[in-house]
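Scroll down for the structure; my scribbles are underneath it.
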Amino acid sequence: MTGLLNRFYDCKYMLKKNQQIGDIPPSREIYRHTLDVAWPSALESVLVGLVGMVDTMMVGSIGPEAIAAVGITNQPKLIFLAIIISLNVGVTAVIARRKGEEDRDGANCVLKQAVLLSCVISLISSLAGIVFAREINLFAGAGADIIDDATAYFQIMMSGMFFNCLLLTINAAQRGIGKTKISMRTNLTANAINIVFNYLLIGGHLGFPQMGVRGAAVATVLGFTVGFLMSLASVLHPESFLSLRTHGSWRFQRETLLPMWKVCSSALVEQMCMRFGFFIYVKIVATLGTIAFATHQICMNVFSISFSVGDGLSIASSSLVGQSLGAKRPDMAIIHGKTCQRIALTLSAFLTVLFIVFRRYIMMAFTTDEAIILQGMSIMIVLALTCLIQNSQVVIMGSLRGAGDTRYTALVSLISIATIRPGSAWLFCYPLALGVMGAWYSMFFDQCVRMVLSLIRFSSGNWTKLKL
């Protein structure tokens with residue numbers, strides 16, 4: 001057994017015989033370098049996920065309707081962010097390549113044009129979200145008991161979209177050169193401010209007005225604003241590898257935009273497939289009723305902790321893969337992708353045990369409603385098993401995106417998230433009458449499909465031959 005584990009984790013066994021093209025550092029050195037890049041992103045993602053849980057707990061003090069009102073806005077908000085997220089996939093991938101090529105001027109051209117695009121996209125999205133907030137949330141499945149709070153929350157959140165988008169874009173650029181600590185600091189500060197003002201504004205403490213759900217939205221926007229200012233400061237140093245103060249034009253340039261477009265156009269298709277699938281999935285769960293949806297939302301908050309581990313390692317994987325390919329070392333790109341996947345799988349195994357053993361106490365941290373607690377405990381078992389599969393595929397997909405293989409990841413999203421997840425959710429929830437449990441069975445099925453498809457592509461090695 002020990003021999004099998006050693007073989008699984010040893011980097012020298014991660015390559016096929018014809019894939020090695022240079023010297024491979026010792027496994028300990030590779031893991032150390034990977035963790036140096038990965039731990040800030042992973043810690044950031046986990047702590048942000050924990051803040052999201054605390055956020056839900058604070059809102060939950062108002063009642064299940066408040067949890068549902070905030071939860072129903074998540075997918076519409078992410079749909080508006082889809083273009084920015086797609087842009088940022090391209091930003092990270094191309095800047096990582098330029099870093100590997102030691103092309104500082106090229107990297108800064110990408111940064112400047114990405115910032116301009118982010119400004120334009122965020123302003124248009126903000127206006128549309130504010131004007132059509134009520135109609136959007138009604139379409140998302142908000143009932144009469146939550147529509148007013150959901151609309152107010154969504155409008156306030158969209159008013160802060162400009163700061164959120166620029167924060168995400170600058171941090172994506174920094175991640176491309178491996179500076180994941182900058183993103184960690186900005187996001188943790190933003191979320192700390194969010195928690196403080198949640199306390200002050202949701203319940204009305206220390207002389208602040210009692211704003212309920214609206215207070216939670218205001219607190220989030222304040223956090224975005226401070227985080228943006230911190231991220232902006234990180235690209236104002238003239239001597240930094242990434243700096244907005246370097247010489248060079250701010251005008252859009254074809255030679256800069258084409259590599260980004262090559263990656264982000266497919267990433268946008270992927271995002272649209274994901275957002276469509278997630279939106280329909282949430283809409284199906286929302287029609288099960290406020291209590292069922294509140295239970296689902298609590299479990300999704302817990303699940304976000306597991307996803308955060310994989311997401312943080314996925315960010316590191318994208319950066320390391322991109323830099324390795326830029327340095328003409330596809331063999332190291334494969335090793336970095338597999339190393340991140342091994343770390344993610346190990347951490348997921350620990351979380352699986354934690355979620356199963358302490359599932360009742362975890363649910364009790366969110367609510368005192370016994371019906372929600374009992375239903376949530378059953379879901380937590382499926383949730384725990386899903387996280388084992390999810391994090392491996394999240395890291396592998398991150399490696400493919402870092403290489404610029406977004407056409408394939410878009411195809412996977414079309415097949416799995418946009419088709420299989422909503423289709424199986426409807427089947428399990430309604431014809432098979434499994435209720436909210438059916439939604440979680442469909443998620444498990446979806447993750448299994450994505451895992452298989454991502455491993456097939458990664459194992460082929462074709463993604464290492466893409467040019468940006």
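Note: hydrogens, waters and symmetry copies are ignored here, and every other heavy atom, side chains too, is used. This chain uses plain numbering: 1 for the first residue, then up along the sequence.
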Without hydrogens or angle criteria, can the side chains of [X] and [Y] be said to hold a donor-acceptor pair below 3.5 Å?
X      : Y      : value
Gln323 : Ser319 : yes
Ser392 : Gln341 : yes
Thr287 : Tyr430 : yes

Ignoring hydrogens, what is the shortest heavy-atom contact between [X] and [Y]? Give both atom names and the distance.
X      : Y      : result
Pro431 : Leu427 : CD-O, 3.3 Å
Ser243 : Thr246 : O-OG1, 3.2 Å
Ala82  : Met272 : CB-CE, 3.2 Å
Asn391 : Ala344 : O-CB, 4.0 Å
Cys273 : Ile417 : O-CG2, 4.2 Å
Gln393 : Ser454 : CB-OG, 3.8 Å

For a side chain to side chain contact (heavy atoms under 4.5 Å, CB included) check, start with the C-alpha distance between Val91 and Arg175, then their side-chain angles and the critical distance, and finish with the verdict.
CA-CA 9 Å; Val91 170; Arg175 286 166 176 160; over 6 Å; no
Report, as yes or no, whether the 6.0 Å neighbourhood of atom [atom1] on [X] holds more than 12 heavy atoms from other residues, nucleotides or ligands.
X      : atom1 : value
Phe132 : CZ    : no
Phe241 : CZ    : yes
Lys77  : NZ    : yes

Please check this pair: side chain of [X] against backbone of [Y], looking for a donor-acceptor N/O pair closer than 3.5 Å.
X      : Y      : answer
His336 : Val321 : no
Ser318 : Gly398 : yes
Arg97  : Thr92  : no
Asn191 : Asn187 : yes
Asn137 : Ala133 : yes
Ser317 : Leu313 : no
Thr386 : Val382 : yes
Ser424 : Arg421 : yes
Thr409 : Thr406 : yes
Thr220 : Ala216 : yes

is_close_aromatic([X], [Y]), centroid dist under 6.0 Å:
X      : Y      : answer
Phe458 : Trp463 : yes
Phe228 : Phe163 : yes
Phe279 : Phe139 : yes

Could you check Cys299 against Met363 for side chain to side chain contact (heavy atoms under 4.5 Å, CB included), going step by step and ending with a plain yes or no?
CA-CA 8 Å; Cys299 291; Met363 291 301 301; 4.1 Å; yes
Measuring from atom [atom1] of [X] to atom [atom2] of [Y], what distance do you get when rounded to the nearest 0.5 angstrom?
X      : Y      : atom1 : atom2 : answer
Leu222 : Asn198 : CG    : CG    : 10.0 Å
Met230 : Asn171 : CE    : CG    : 9.5 Å
Arg450 : Ile389 : CZ    : CD1   : 11.0 Å
Ser234 : Ile182 : OG    : CD1   : 4.5 Å
Ile362 : Asn301 : CD1   : CG    : 12.0 Å
Leu111 : Arg98  : CG    : CZ    : 13.5 Å

Would Ile84 and Ser118 count as a side chain to side chain contact (heavy atoms under 4.5 Å, CB included) here? Give the steps.
CA-CA 7 Å; Ile84 292 294; Ser118 188; 3.6 Å; yes
Check: [Y] and [X] side chains under 4.5 Å, non-hydrogen atoms:
X      : Y      : result
Leu257 : Gln113 : yes
Leu166 : Ser231 : no
Met211 : Ile202 : no
Thr151 : Phe154 : no
Met451 : Ser416 : no
Leu232 : Leu167 : no
Ser306 : Gln390 : yes
Cys109 : Gln253 : yes

Taking NZ, NE, NH1 and NH2 as the nitrogens, is one of them in [X] or [Y] under 4.0 Å from a carboxylate oxygen of the other?
X      : Y      : answer
Arg360 : Glu370 : yes
Asp405 : Arg401 : no
Arg407 : Glu270 : no

Evaluate side chain to side chain contact (heavy atoms under 4.5 Å, CB included) for Tyr153 paired with Arg214, printing each intermediate quantity in order.
CA-CA 5 Å; Tyr153 182 88; Arg214 292 163 178 80; over 6 Å; no
Member of Tyr281, Phe428, Phe303 meeting the ring-ring contact (aromatic ring centres under 6.0 Å, His included) criterion with Trp440:
Phe303
